[in-house]
Protein chains: 2
Amino acid sequence: MAGRHGQGDAAGDQGRSGAKAPGLDFPRPLTTVDIVIFTIRQEALQVLLVRRGSGPGEPFPGTFALPGGFVDIARDRDLEACARRKLAEKTGVVSPYLEQLGSWGSADRDPRGWSATHAYFALIPGSAVEAALAADVQWFPLEGTGVTPKLAFDHAEILQAAVQRLRNKVEYTSLPAYLMPKEFTLPELQRTYEIVLDRALEKSAFRTRMLSADLIEPIAKMRKGPNRPAQLYRLKKTAAPVYFARTFNAPE
Amino acid sequence: MAGRHGQGDAAGDQGRSGAKAPGLDFPRPLTTVDIVIFTIRQEALQVLLVRRGSGPGEPFPGTFALPGGFVDIARDRDLEACARRKLAEKTGVVSPYLEQLGSWGSADRDPRGWSATHAYFALIPGSAVEAALAADVQWFPLEGTGVTPKLAFDHAEILQAAVQRLRNKVEYTSLPAYLMPKEFTLPELQRTYEIVLDRALEKSAFRTRMLSADLIEPIAKMRKGPNRPAQLYRLKKTAAPVYFARTFNAPE
DNA sequence: GAAATAGTGTCTATAAGACAATATCGG
DNA sequence: CCGATATTGTCTTATAGACACTATTTC
């Protein structure tokens with residue numbers, strides 16, 4: 001296996017397992033971090049996108065893209081810190097939920113050269129986000145597993161993976177709780193589940209599942225309205241998401 | 001938010017969203033791919049490790065590490081191709097299952113500089129692997145979520161994540177089928193599940209689940225032994241893993 | 001009281017857990 | 001027949017799905 005190509009060996013093996021001098025002066029891929037930021041706005045699942053600049057050499061000028069950018073090795077201690085920095089820059093919010101989604105790397109995904117991006121996805125409450133938004137970003141509602149504008153790079157593919165992962169996990173986890181404001185009612189939480197899944201859930205089963213999980217606790221307040229008031233709840237201090245033993249609807 | 005640090009901006013924003021000239025001449029992280037390769041050997045879940053060389057400048061000389069190495073941008077079309085190449089180099093096997101595990105990147109995980117690795121995990125059948133193994137690799141049985149030798153870099157952490165992901169998924173997927181030889185019996189498949197999960201499963205429920213899934217098909221052959229023969233099965237052509245609606249044992 | 005939504009209860013269906021019963025081989 | 005393992009069946013339990021019913025507010 002070794003010694004097939006001169007340059008191949010230099011980059012492929014020397015630095016890690018080769019017996020020759022471990023040169024590190026071979027070309028390295030561009031390294032970026034991108035974040036898929038979800039929220040619930042206007043009764044819809046929405047994702048935050050950035051309009052790309054149009055300076056000289058900018059790929060995909062003027063199109064929309066996921067928030068992100070190059071890893072700054074002088075500034076970012078690790079990948080997650082880099083993701084949190086970019087999240088804060090665009091939203092002014094400390095996300096209650098940030099999960100690594102995957103990485104995409106290839107020779108042709110960026111016209112500037114071989115590049116790899118580390119993609120994350122974040123969930124933030126719909127409330128109180130508007131004010132802190134950066135100037136160049138905008139929310140877009142999800143249509144299926146994508147958005148209306150054509151995205152830069154392979155970001156449509158990354159977004160699709162994020163939506164699929166989110167929808168999939170919502171079937172058996174408490175992730176939508178991270179899309180809720182501090183205080184919320186059970187019907188409101190159920191509505192969030194239904195928006196993400198794009199399908200109605202049984203009220204009774206939903207309540208049983210949520211209340212039997214060690215997830216939320218009632219507070220001494222009710223949500224008033226033109227009808228029967230609803231009990232308000234808040235997330236328990238335990239930050240970890242809950243995993244249920246079953247999905248919501250058994251597949252046919 | 002923009003313009004906080006001179007160097008920070010150069011690397012962090014210019015190339016992707018800045019309005020200034022998009023220079024690409026800032027330092028890039030080292031980029032590697034590592035693979036956690038699992039198999040079943042000697043009634044145990046085992047992982048493939050490589051002994052690192054001890055040339056000049058080699059970090060962690062002589063210790064064991066996950067198979068992997070630098071991305072070769074001249075040779076590897078994309079990250080997955082890079083992972084498949086390294087898998088084939090070490091095992092001579094085309095893995096029936098390869099999944100992205102996640103990425104780990106930080107300033108200090110590699111003494112040679114800021115580095116990011118894209119980790120994959122692979123499942124290969126225990127049969128017919130021995131012959132094609134590279135010279136510098138070795139199987140190690142899992143003890144809990146790790147192995148006996150101390151691993152290089154942050155590979156113990158990556159291995160732990162892989163084991164947890166595997167055990168977690170085995171609760172509700174057909175992944176262990178990829179650890180089986182071409183022909184196998186239901187009790188043998190159940191044994192594989194039990195080895196990975198390190199816990200006994202109910203025979204009856206297990207059979208019902210496997211047979212009602214569109215996963216395996218009986219062949220016209222039986223496994224003979226000193227007792228009642230068992231029906232032999234093979235995986236159906238459909239390569240995709242099956243996701244069940246429930247986990248095996250409801251958590252307490 | 002009517003409308004609207006919150007919350008509970010009742011019945012059924014599905015699949016797992018426990019474990020017994022039966023089947024089929026080699027000796 | 002005996003030992004061993006494969007395969008099937010029976011009964012119970014837990015939870016989802018469907019959907020009816022009751023509760024509490026505003027108007």
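Every value quoted in this text rests on a predicted model; they were computed, and no experiment measured them. The sequence lines fix the lettering, A, B, ..., with proteins before strands; numbering per chain opens at 1.
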| query | Across the strands shown, which category fits Pro226(B) at heavy-atom distances under 4.0 angstrom: base, sugar-phosphate, nothing? | reply | base
| Any donor-acceptor pair under 3.5 Å joining the side chain of Ser204(A) to the base of dG7(C)? | no
| query | Can you find a donor-acceptor pair, distance only, under 3.5 Å between Arg246(B) side chain and dA16(C) base? | reply | no
| In whole angstrom, what separates Leu186(B)'s CG from dT5(D)'s P? | 17 Å
| Integer-rounded Å distance: dA14(D) P and Phe248(A) CZ | 20 Å
| field | Where Lys90(B) and Leu48(B) come nearest, the two heavy atoms and their spacing | value | CB-CD2, 4.2 Å
| note | Between CD1 of Ile216(B) and C1' of dT7(D) the distance, given in whole Å, is 14 Å
| field | Main-chain N/O of Asp78(B) paired with Ser106(A) side-chain donor or acceptor, under 3.5 Å | value | no
| Quick one: Leu232(B) CG to dT24(C) P, roughly how many Å, whole number? | 17 Å
| request: Take atom CG of Asn227(B) and atom P of dC1(D), then tell me their distance rounded to the nearest Å. | output: 19 Å
| said: So does Leu101(B) get a backbone contact from the side chain of Arg165(B), meaning a donor-acceptor N/O pair under 3.5 Å? | reply: yes
| query | More 5' along DNA chain D: Glu202(A) or Lys224(A), using each one's nearest nucleotide? | reply | Glu202(A)
| query | Base, sugar-phosphate, or nothing: which does Arg209(B) touch, judged by heavy atoms less than 4.0 Å apart? | reply | sugar-phosphate
| The side chain of Ala230(B) lies closest to which of these nucleotides: dT25(D), dA4(D), dA6(D)? | dA6(D)
| query | To the nearest Å, how far apart are Tyr172(B) OH and dA16(C) P? | reply | 16 Å
| request: Give me the ring orientation class for Phe121(B) and Tyr97(B): parallel if the planes are under 30° apart, tilted from 30 to 60°, perpendicular past 60°. | output: tilted
| query | Reckon Lys203(B) touches a base, only the sugar-phosphate, or nothing at all at heavy-atom distances under 4.0 Å? | reply | base
| Which whole-number value in Å describes the distance from Arg207(A) CZ to dC19(D) C1'? | 16 Å
| query | Is Arg77(B) atom CZ crowded by more than 12 heavy atoms from other residues, nucleotides or ligands, each under 6.0 Å away? | reply | no
| task | Report yes if a side-chain nitrogen or oxygen of Arg228(B) is closer than 4.0 Å to either non-bridging phosphate oxygen (OP1 or OP2) of dA4(D); otherwise report no. | result | no
| Can you tell me how far P of dT14(C) sits from CZ of Phe244(B), to the nearest Å? | 18 Å
| On DNA chain C, nearest-nucleotide positions of Pro187(A) versus Thr208(B): which is more 5'? | Pro187(A)
